A.B. asks: 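Supplied in structure tokens, the structure appears directly below.
In this text, all values refer to a predicted model and were calculated from it rather than measured experimentally. Positions are given from 1, in the same order as the sequence printed here.
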Amino acid sequence: EFWSVFATLDADESLLGLLNPFLPQLVPLLLKNMRYSEDELERLNVESAQVDANGVRPFIYHGDKDDRKDQGNDEEGEWTLRRASAWSLDCCANTYSAEVFDIIMPLISSGLNSPDWLEQEACLLALGAISGGCYVFLSEGMGTIYSFLVELLRTTGNPLLFRIAGWAVSQFGEWLVENLAQLQMDELMQLLLTRMMSDNSQVQLAATNCVSVLVEKGEEKLVGYYDAIIKAISQCFGFYGERNQRLLLCGIGDICTVL
């Protein structure tokens, strides 16, 4: 956590600049630490793909280390090395945007094409982590990034890979609403609404959350999709577990706020 604290210091540039020479070593290390550990995978029960009725939530950080205070024993509330590393990368990207982008994008590009799904997953987490701080640089290639993410959402049978890809898409929600052509948004919404009907809670969670983010970012621009979204939500209430039902309620709330 030292790196996240240092990168967010209210200090002059001369002090913050002390980290610059070490970024080529630090950034790849943070990315390496964002890979799921064996213990995390065991708890998530990935190999057997057994998911309980309430859903098992993977370790995605939410851009604020205080989220470690989530209630109960919810695994997503645990402050792990993975989450701390993602948060530190996020902070560094905000303070050292150009430097972090130049260092990490070749690593992300390589990792996204890796046959190792764990490496792919960590790189998607990293992509989402830098989405705010490096947005100016990422926006130039967002068309390519979006195409990759949507293809992954469409084809992957791995619930955790779908989950992180959905989360990454949601991180670029504002760009999507402003830049996607009508046909592209139609295809994305249809894909997400279809995947909301999955019997896997990880996939349910990712698809529902992504739809909610798009509704929040798009507001009146997405009113034309509301009937289909409400219909999907009403169907999902019949078979979602309690935790994911709460997400459905959030989705309804987002729509009501716009209307």
A.B. asks: For the residue pair Leu124 and Phe148, what are the closest heavy atoms and their distance?
C.D. replies: CD2-CE2, 4.3 Å
A.B. asks: Is the shortest heavy-atom distance from the side chain of Leu214 to the side chain of Val169 under 4.5 Å?
C.D. replies: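 Heavy-atom side-chain distance check fails, nothing below 4.5 Å.
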A.B. asks: Okay, side chain of Ser234, backbone of Lys231: is any donor-acceptor separation there less than 3.5 Å?
C.D. replies: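 Pair found, side chain donor or acceptor close to backbone of Lys231.
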A.B. asks: Just by distance, do the side chain of Thr8 and the backbone of Ser4 share a donor-acceptor pair under 3.5 Å?
C.D. replies: yes
A.B. asks: Tell me whether Asn209 contacts the main-chain N or O of Leu205 through its side chain, where contact means a donor paired with an acceptor under 3.5 Å.
C.D. replies: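 No: the side chain of Asn209 does not pair with the backbone of Leu205.
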A.B. asks: Using a strict threshold of under 4.0 Å (side-chain N to carboxylate O), is an ion pair present between Lys217 and Glu178?
C.D. replies: no
A.B. asks: Indicate yes or no for a side-chain donor-acceptor contact from Ser97 to the backbone of Gly133 under 3.5 Å, with no hydrogens or angles considered.
C.D. replies: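 Yes; judged by distance alone, with no hydrogens or angles, the pair exists.
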A.B. asks: Check whether any side-chain heavy atom of Pro28 sits under 4.5 Å from a side-chain heavy atom of Ile103, and report yes or no.
C.D. replies: yes
A.B. asks: Of all the heavy-atom pairs spanning Pro21 and Gly17, show the shortest one and how long it is.
C.D. replies: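 Heavy atoms of Pro21 and Gly17 come nearest at CD-O, 3.6 Å.
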A.B. asks: Determine whether a donor-acceptor pair (N or O, by modelled atom type, separation under 3.5 Å) exists between the side chain of Gln120 and the backbone of Leu112.
C.D. replies: yes
A.B. asks: Shortest non-hydrogen contact from Met185 to Val177?
C.D. replies: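 The pair with the smallest heavy-atom distance is CE-CA, 4.1 Å.
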A.B. asks: In the single-linkage hydrophobic clustering (I, L, V, M, F, W, Y; side-chain heavy atoms under 4.5 Å), do Met196 and Ile230 co-cluster?
C.D. replies: yes
A.B. asks: Hydrophobic clusters here meaning ILVMFWY residues chained together by side-chain heavy-atom distances under 4.5 Å, can you tell me if Leu149 and Met189 are in one?
C.D. replies: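 Leu149 clusters together with Met189.
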A.B. asks: Would you indicate whether the side-chain heavy atoms of Glu40 and Thr80 approach each other to under 4.5 Å?
C.D. replies: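 Answer yes - side chains close enough.
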A.B. asks: How about Leu16 and Thr95: do any of their side-chain heavy atoms sit closer than 4.5 Å?
C.D. replies: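 A side-chain contact under 4.5 Å exists here.
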A.B. asks: Examine Leu192 and Phe237 and state if one hydrophobic cluster contains both, with Ile, Leu, Val, Met, Phe, Trp and Tyr joined whenever side-chain heavy atoms are less than 4.5 Å apart.
C.D. replies: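 The answer is yes; both residues are in one hydrophobic cluster.
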A.B. asks: Using only atom types and a distance under 3.5 Å, with no angle test, would you say the side chain of Tyr240 pairs donor to acceptor with the backbone of Arg246?
C.D. replies: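 Not a single qualifying donor-acceptor pair exists.
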A.B. asks: Can you find a heavy atom in the side chain of Leu19 that is under 4.5 Å from one in the side chain of Trp3?
C.D. replies: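 Side-chain contact under 4.5 Å: yes.
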A.B. asks: Sequence neighbours excluded, which residues qualify as ring-ring contact (aromatic ring centres under 6.0 Å, His included) partners of Phe101?
C.D. replies: Phe137
A.B. asks: For Asp227, I'd like to know if atom CG has over 12 heavy atoms of other residues, nucleotides or ligands within 6.0 Å.
C.D. replies: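 Open: at most 12 neighbouring heavy atoms sit under 6.0 Å from CG of Asp227.
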A.B. asks: Backbone N or O of Pro106 within a donor-acceptor pair of the Ser109 side chain at under 3.5 Å?
C.D. replies: no
A.B. asks: Are the side chains of Phe172 and Leu127 in contact, using a 4.5 Å heavy-atom criterion?
C.D. replies: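 Of all side-chain heavy-atom pairs linking Phe172 with Leu127, at least one is under 4.5 Å.
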A.B. asks: So do Trp87 and Glu1 actually touch side chain to side chain, heavy atoms under 4.5 Å?
C.D. replies: no
A.B. asks: Of all heavy-atom pairs between Ile130 and Met105, which one has the smallest distance, and what is that distance?
C.D. replies: CD1-SD, 4.1 Å
A.B. asks: With a 4.5 Å limit on heavy-atom distance, are the side chains of Val213 and Gln171 in contact?
C.D. replies: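 Heavy-atom side-chain distance check fails, nothing below 4.5 Å.
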A.B. asks: If we count only N and O atoms by modelled type, under 3.5 Å, do the side chains of Asp186 and Gln190 hold a donor and an acceptor together?
C.D. replies: no
A.B. asks: Hey, any chance Leu26 and Phe2 share a hydrophobic cluster, counting ILVMFWY side chains that come within less than 4.5 Å of each other, even indirectly?
C.D. replies: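 Per the 4.5 Å side-chain linkage, Leu26 and Phe2 are co-clustered.
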A.B. asks: Quick test of your reading: applying salt bridge (Lys or Arg N to Asp or Glu O under 4.0 Å), list the pairs with at least one residue in residues 108-119, sequence neighbours left out, ordered by first then second residue.
C.D. replies: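 Counting only pairs at least two positions apart or across chains, the salt bridge (Lys or Arg N to Asp or Glu O under 4.0 Å) contacts touching residues 108-119 are Arg35-Asp116.
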A.B. asks: Among pairs that include at least one residue of residues 123-150, which meet side chain to side chain donor-acceptor pair (under 3.5 Å), considering only residues two or more places apart or in two chains?
C.D. replies: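 Side chain to side chain donor-acceptor pair (under 3.5 Å) check on residues 123-150 returns no pairs.
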A.B. asks: Glu219 and Tyr226: which non-hydrogen atoms are nearest, and at how many Å?
C.D. replies: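 Closest approach of Glu219 to Tyr226: O-OH, 3.2 Å.
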A.B. asks: For the hydrophobic clusters of this structure (ILVMFWY residues joined by side-chain heavy atoms under 4.5 Å, transitively), does one cluster hold both Leu193 and Leu249?
C.D. replies: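 Yes, same cluster.
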